[in-house]
*Asks:* 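Following this message is one structure expressed as structure tokens.
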2 protein chains.
Amino acid sequence: MLTTAPPTERDQFSPGTRQLLDRASAYCAAHAGRLTETRRLVLGLITEASKPVGAYDILDHLRSFQKNAAPPTVYRALDFLLAQGLIHRIERLTAFVGCAHRLDCTHEGGCGHRAQFLICSVCGTVSELEEPGIARAIHDAAKAIGFRPSHATVEIEGVCAQCQTR
Amino acid sequence: MLTTAPPTERDQFSPGTRQLLDRASAYCAAHAGRLTETRRLVLGLITEASKPVGAYDILDHLRSFQKNAAPPTVYRALDFLLAQGLIHRIERLTAFVGCAHRLDCTHEGGCGHRAQFLICSVCGTVSELEEPGIARAIHDAAKAIGFRPSHATVEIEGVCAQCQTR
DNA sequence: CGCCTTTAGTTATATTATAACGACGGACAG
DNA sequence: CTGTCCGTCGTTATAATATAACTAAAGGCG
Ligand SMILES: [Zn+2]
Ligand SMILES: [Zn+2]
Ligand SMILES: [Zn+2]
Ligand SMILES: [Zn+2]
């Protein structure tokens, strides 16, 4: 009889996603990290989603690949991907999105990636900005009062262009 | 024998805090809200703290006044205080701070209060900014891509001036 | 192979937040 | 006065998010 092997990413992820995962794998290797099977699956699941996904949503889907996945499985993968800069956490949604820029960053090693996020309250999508003007305004305001910033969370809620036309 | 009455806010809150609570009470009355006893205690506890406080920290302290307080007790008070603009939620800390500006706002009714927060990663204090430059940069960037913003969360992590000198 | 480091499995628990329903009390119309 | 309405609160249970702690396996390397 045929054995019922668990599905692989090949069954579930689009070619575009799998290509991104391959690039991410190379990126990790170049930064002293290993995009292991679990991490790759988690990044793939986040990439395939069109909206931010919660950790337990990821866990549910991950279980279709690995039946014994548990919360630490997901959180460890998320920690790694966050450290590599391959995903972002959206604080206001307690959810995660893929980074739109990291793999295209030309600064080899420690690109100071500072993004802002636009959250559409109608369709739920999140888009990522890299506006130097915002980063500069924040930096200047902090400097003016002697505060040394290390990281800024900027999450803008509103209605996206597409949802305004409906 | 003397009855062991539970402590009142008079026993626990400083005169400055109690004065702020009186002003907040008048503010609520002017905005179709009632600063009830529980809400007043929660706002007082947040005001007395020098750092952001979590909902369950508030609950612990609230129980010294009301022994049967439960999570919904605190969260309902927090929801009210957030709606009135008397406190802010710091997303990155999952904690709450008193608003530094609201009671001084001169716009009667619906002051469009848009603040930014500086979180010191050394001492844990949070200070509130109102930088028009940051708000404008955000608004301009959103407008440029057709996004209509309704609210922006800006939380800047770093080291405060005081902690840098040590 | 033998050793060490990283990664992952497993169980339990911590932390934050909300659902649901009934009771109570003041405001107010009749 | 009295009945109704509505905002508030008490209470119990549960949902949703996240981590601690320990063990086992896997991979890199001399
Ligand atoms: Zn990014
Ligand atoms: Zn939209
Ligand atoms: Zn404020
Ligand atoms: Zn400090």
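Basis for what follows: all heavy atoms, side chains included, without hydrogens, waters or symmetry-related copies. Each chain gets a letter, A, B and so on, in the order the sequences are listed, and its residues count up from 1.
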*Asks:* Evaluate the ring planes of H88(B) and H113(B), with Trp represented by its six-membered ring, and classify them as parallel (under 30°), tilted (30 to 60°) or perpendicular (over 60°).
*Replies:*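 H88(B) and H113(B): tilted rings.
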*Asks:* Report the distance from atom OH of Y75(B) to atom P of dT16(C), rounded to the nearest whole Å.
*Replies:*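 Rounding to the nearest Å, OH of Y75(B) and P of dT16(C) are 7 Å apart.
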*Asks:* Does the pair S121(B) and E157(B) meet the rule for a side chain to side chain donor-acceptor pair (under 3.5 Å), with working shown?
*Replies:* CA-CA 7 Å; S121(B) 51; E157(B) 287 184 74; 5.9 Å; no
*Asks:* Under a 3.5 Å cutoff, is there a donor and acceptor pairing between the side chains of T73(A) and Q66(A)?
*Replies:*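 No, because no side-chain N or O of T73(A) sits under 3.5 Å from a partner of the opposite role on Q66(A).
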*Asks:* Is there a continuous path of hydrophobic side-chain contacts, each under 4.5 Å between heavy atoms, that joins L103(B) to L78(B)?
*Replies:*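 Yes, same cluster.
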*Asks:* Return the minimal non-hydrogen interatomic distance between G124(A) and P52(A), and the atom names on each side.
*Replies:*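 That would be O-CD, 3.4 Å.
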*Asks:* Would you mind checking if D79(A) and R39(A) are paired as a salt bridge, meaning a charged N to carboxylate O distance below 4.0 Å?
*Replies:*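 No, no charged N to carboxylate O under 4.0 Å.
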*Asks:* Has Y56(B) got its ring stacked on the base of dT15(C), with centres under 5.5 Å and planes less than 30° apart?
*Replies:*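 Base of dT15(C): not stacked against Y56(B).
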*Asks:* In this structure, would V53(B) and L86(B) fall into the same cluster of hydrophobic residues linked by side-chain contacts under 4.5 Å?
*Replies:*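 Same cluster.
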*Asks:* Provide the start and end nucleotides, 5' to 3', of the part of DNA chain D that has atoms under 4.0 Å from heavy atoms of chain B.
*Replies:*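 Reading along DNA chain D, I get dT8(D) to dT12(D).
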*Asks:* What nitrogen or oxygen pairs link the protein and nucleotides 5-10 of chain C at under 3.5 Å?
*Replies:*
from    : atom 1 : to     : atom 2 : distance (Å)
dT7(C)  : OP1    : R39(A) : NH1    : 3.2
dT7(C)  : O5'    : R39(A) : NH2    : 3.3
dA8(C)  : OP1    : T36(A) : OG1    : 2.4
dG9(C)  : N7     : R76(A) : NH2    : 2.4
dG9(C)  : O6     : R76(A) : NH1    : 3.0
dG9(C)  : O6     : R76(A) : NH2    : 3.3
dT10(C) : OP2    : N68(A) : ND2    : 2.8

*Asks:* Should we say atom CD of Q162(A) is surrounded by more than 12 heavy atoms from elsewhere, each under 6.0 Å from it?
*Replies:*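 Counting neighbours around CD of Q162(A), 12 or fewer heavy atoms of other residues, nucleotides or ligands fall under 6.0 Å, so no.
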